[in-house]
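Have a look at the structure below before the remarks.
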Amino acid sequence: MSGSQWWIAAGLLALTLLPALGGITLLADLAGPATPERARFHSSPLPIAIHAVGGMVFCGLGAFQFLRGLRDRHPRYHRIAGRIVLPAGLAMALSGLWMTQIYDFVPEQSWPVRAVRLLFGSATAVGLVLALAAMPPRTSKPAWPRSCSPGPFARAGPSPSRKPQQLRMLKKMQRQPRWSSQAAI
Ligand code: HEM
């Protein structure tokens, strides 16, 4: 995996650090007595708890979904993480929209701030639903065994030295869309 890919994950994690620390502090705070600045969170703790946990999982785990090397080498990890990251992101975005509607205004929350929250919350939710729709379907049967991956002879034509089984596999692979090879690994 190239170093620049790790920089992407490191950058995303760095951006997450402050809100994540805020989330941890907030969750600890919810267990204690209400303070005037956080009275709204104490009166309706559910959306902010969902939001903080969802946001931390989405950003923390999601940063690694961009690493192509990790994706290629550990596709099973990528798929399992994706199934956690996606609902966590939706929970974060939808609870963000929920809070925008139900929490009382505090002086620093002007209408432009609310509008930005509505915009980013909706855009995040729509983006995640589109990502879900774009996911390749799971195939129950592998399209080919690992040992016969398309690799070096994917574009090659038939050769007399190839076994009939290999040729059948090659033809099958050439007929299949590209993503089905990844879904099957
Ligand atoms: C779609 C993007 C997001 C939207 C629309 C959104 C929306 C909101 C809203 C409306 C609040 C309540 C603010 C208040 O009443 O004071 C809030 C608070 C919070 N959000 Fe988000 N948020 C988003 C992303 C994130 C992410 C990615 C994280 C964490 C990694 C995060 C962590 C927090 C935390 C910790 C609080 C509590 C802040 C405090 O202690 O005052 N949010 N968010």
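In each ligand, atom 1 is the first atom listed, and ligand 1 is the first ligand listed.
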>> Keeping R114 on the side-chain end and T100 on the backbone end, is there a donor-acceptor pair under 3.5 Å?
In response: yes
Those atoms of ligand 1 less than 4.0 Å from some heavy atom in [X]:
X    : result
T124 : 1 (C)
Y103 : 15 (O)
G22  : 35 (C)
G55  : 30 (C)
L26  : 40 (O)
G23  : 35 (C)
G96  : 7 (C), 10 (C)

> When rounded to the nearest 0.5 angstrom, what distance separates CG in L67 from CH2 in W7?
Replying inline: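 With rounding to 0.5 Å, CG (L67) is 13.5 Å from CH2 (W7).
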>> With a cutoff of 4.0 Å, is C59 in contact with ligand 1, counting heavy atoms of the residue only?
In response: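 Yes; C59 lies near enough to ligand 1 that a heavy-atom distance drops under 4.0 Å.
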>> Using heavy-atom distances only, which candidate in R38, H51, R117 approaches atom 6 (C) of ligand 1 most closely?
In response: H51
> Heavy-atom distance to atom 9 (C) of ligand 1: which of M92, M99, R40 wins?
Replying inline: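 The nearest heavy atom belongs to M99.
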Do [X] and [Y] belong to the same hydrophobic cluster, where Ile, Leu, Val, Met, Phe, Trp and Tyr are linked whenever their side-chain heavy atoms lie under 4.5 Å apart, directly or via other members?
X    : Y    : value
V129 : F120 : no
L128 : V126 : no
Y77  : W6   : yes
F58  : L27  : yes

> Which atom names give the shortest non-hydrogen contact between A125 and A93, and what distance separates them?
Replying inline: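 Shortest heavy-atom contact: N-CB, 4.0 Å.
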Ligand 1-proximal atoms of [X], by part, heavy-atom distance under 4.0 Å:
X   : value
I48 : side chain
P19 : both
F41 : side chain

> Could you go step by step and tell me if M56 and I24 meet the side chain to side chain contact (heavy atoms under 4.5 Å, CB included) rule?
Replying inline: CA-CA 9 Å; M56 285 188 278; I24 293 166; 3.9 Å; yes
> Considering only heavy atoms from C-beta outward, does the side chain of V85 approach that of V57 to under 4.5 Å?
Replying inline: no
